[in-house]
There are 2 protein chains.
Amino acid sequence: MKFCSHCGSAAPAWRIPDGDTLPRYVCANCGTIHYQNPKTVVGCLPEWNDRVLLCRRAIEPRHGLWTLPAGFLENGETLEAGALRETAEEAGARVELGALYTVISLPDINQVYMMFRARLLDRDFEPGPESLEVELFAEEDIPWGDIAFRTIARTLRHYFLDRKLGAFPLHVSALFKRSPREPGLQAAA
Amino acid sequence: MKFCSHCGSAAPAWRIPDGDTLPRYVCANCGTIHYQNPKTVVGCLPEWNDRVLLCRRAIEPRHGLWTLPAGFLENGETLEAGALRETAEEAGARVELGALYTVISLPDINQVYMMFRARLLDRDFEPGPESLEVELFAEEDIPWGDIAFRTIARTLRHYFLDRKLGAFPLHVSALFKRSPREPGLQAAA
């Protein structure tokens, strides 16, 4: 933040406001405190018999890698409405949402993922502008090395394990930035 | 938004950016798109034997009314860390968090509430700067007419009913703006 969005002054300072405990952008001219908070990413895991629907990303970050339909929750939306919208936008797909399934905090990038289970209603899906391909995958065909995000890989791993166990409880967890010394899939970092 | 926080221009326009589907503040000078997204409110329902801990608000909105400890999730925090911080700040209380219990979308005010169950670890609680009082309430003493927010009343109602039923499943729901013609508690609107 280089300028105050309220008064246009070039003086927003990064400091702890009086009576607060964390630093914020505070305008030295008009006093406005500019709060910044994590964003919610909402999406779903669409099932079709024993297969799940993945989208190959046509945009950065992670262009060309596979993901579940998901994106930023918008003002004015419920979580469910956001998950349905993202699924329509990215996969051209209609689903019936099931239970909330994974909730994953990403404190290093100020996001919280919230993924629902979902039942694909028909096979008339097609890639939206943000996807290169949309495809159904059986467990043995999941491109584990080409999954776009760790949140999505974790959601898929929970799902295939829970399917074997026969129950799909809510999974609440967090993911932290990898240590630079930790080996691992760069693609799914 | 009156000024662009990136270039200081007084020209942010409310319009749908190219390739987007929703209106945003877009700077006509530098082209920056200023996204605005819902905020997460995170908190908990602290239990002590058959009683629950409520805080009486010392700040607006809903000054003087009762609530569970909760507040905006901050950048850099997990949901759990946010719930623990708010409980410490508002109630001076230490809890052990349990399962995520209510998730409530409030699309009209761009918020999502996420409340955990929690076990109060000791009785050394005390009001923080944002609370007038902190007190333990048995079900029959809950001040239902003086609960600050509908999300909190809903969470408490789920809790006391689930306690009778003997199970505490996750409750995912939404609350919408009341019609002006609908009667009801103004205080808990």
Side-chain angles (χ1 to χ4, degrees), chain A residues 1-10 12 19-25 27 30 32 34-42 59 72-82 85 89 97 99-101 103-112 114 116 129-130 169-176, chain B residues 1-10 12 19-25 27 30 32 34-42 59 72-82 85 89 97 99-101 103-112 114 116 129-130 169-176:
Chain A
M1 168 163 278
K2 298 180 192 166
F3 296 88
C4 175
S5 57
H6 187 70
C7 76
S9 155
D20 204 339
T21 54
L22 291 170
R24 324 273 180 190
Y25 284 107
C27 179
C30 73
T32 299
H34 300 278
Y35 294 94
Q36 296 180 321
N37 298 86
K39 294 187 182 193
T40 300
V41 177
V42 68
I59 54 170
F72 290 117
L73 182 67
E74 299 278 7
N75 278 356
E77 272 184 342
T78 63
L79 291 170
E80 291 85 348
R85 176 184 51 74
E89 285 179 7
L97 290 183
L100 183 60
Y101 183 52
V103 173
I104 308 176
S105 296
L106 298 165
D108 297 307
I109 57 170
N110 306 319
Q111 293 180 3
V112 178
M114 305 195 61
F116 290 81
E130 299 183 1
L170 175 71
H171 298 277
V172 179
S173 65
L175 277 168
F176 298 88
Chain B
M1 168 163 277
K2 297 180 191 166
F3 296 87
C4 174
S5 57
H6 187 70
C7 76
S9 154
D20 203 339
T21 55
L22 292 171
R24 324 272 181 189
Y25 284 108
C27 180
C30 73
T32 299
H34 299 278
Y35 293 95
Q36 296 180 320
N37 299 85
K39 294 187 182 192
T40 299
V41 177
V42 67
I59 54 171
F72 290 118
L73 182 67
E74 297 278 8
N75 277 356
E77 271 184 341
T78 63
L79 292 170
E80 292 85 347
R85 176 184 51 73
E89 284 179 8
L97 290 183
L100 183 61
Y101 183 53
V103 173
I104 308 175
S105 296
L106 297 165
D108 298 306
I109 56 170
N110 307 318
Q111 294 180 1
V112 179
M114 305 194 61
F116 290 82
E130 299 184 0
L170 175 72
H171 298 278
V172 179
S173 66
L175 277 168
F176 298 89

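Just so it is clear: chains get the letters A, B, ... in the order the sequence lines come, proteins before strands, and each one is counted from 1.
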Self-check item: Separation between CG of Leu175(A) and OG1 of Thr78(B), rounded to the nearest 0.5 Å
Solution: 11.5 Å

Quiz item: Quick one: CG on Asn37(A) to OG1 on Thr40(B), what's the gap to the nearest 0.5 Å?
Solution: 8.0 Å

Quiz item: In terms of heavy-atom pairs under 4.5 Å, which option from Cys4(B), Pro129(B), Cys7(B), Ala10(B) contacts chain A the most?
Solution: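 Top count of heavy-atom pairs under 4.5 Å with chain A: Cys7(B).
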
Exercise. Find the one option among Ser105(B), Gly76(B), Ala174(B), Pro38(B) whose heavy-atom pairs under 4.5 Å with chain A are most numerous.
Key: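 Between Ser105(B), Gly76(B), Ala174(B), Pro38(B), the count favours Pro38(B).
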
Heavy-atom distances under 4.5 Å only: say whether [X] touches chain A with side chain, backbone, both or neither.
X         : answer
Phe176(B) : side chain
Asp108(B) : neither
Thr21(B)  : side chain
Leu170(B) : side chain

Self-check item: Any donor-acceptor N/O pair, Asn75(B) side chain to Asn110(A) backbone, under 3.5 Å
Solution: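 Checked: no pair found.
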
Quiz item: Tell me, side chain or backbone of Glu89(A) under 4.5 Å from chain B's heavy atoms, or both, or neither?
Solution: side chain

Practice problem: Just jot down the side chain to side chain contact (heavy atoms under 4.5 Å, CB included) partners of Arg24(B), sequence neighbours excluded, or say none. | Solution: Glu74(A), Pro17(B), Asp20(B), Leu22(B), Val26(B), Ile33(B), Tyr35(B)

Exercise. List for me each residue that meets ring-ring contact (aromatic ring centres under 6.0 Å, His included) alongside Phe3(B), sequence neighbours excluded, and say none if there are none.
Key: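 Applying ring-ring contact (aromatic ring centres under 6.0 Å, His included) to Phe3(B) gives none.
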
Quiz item: Out of Glu80(A), His6(A), Arg85(A), Gln111(A), which one racks up the most heavy-atom pairs below 4.5 Å with chain B?
Solution: His6(A)

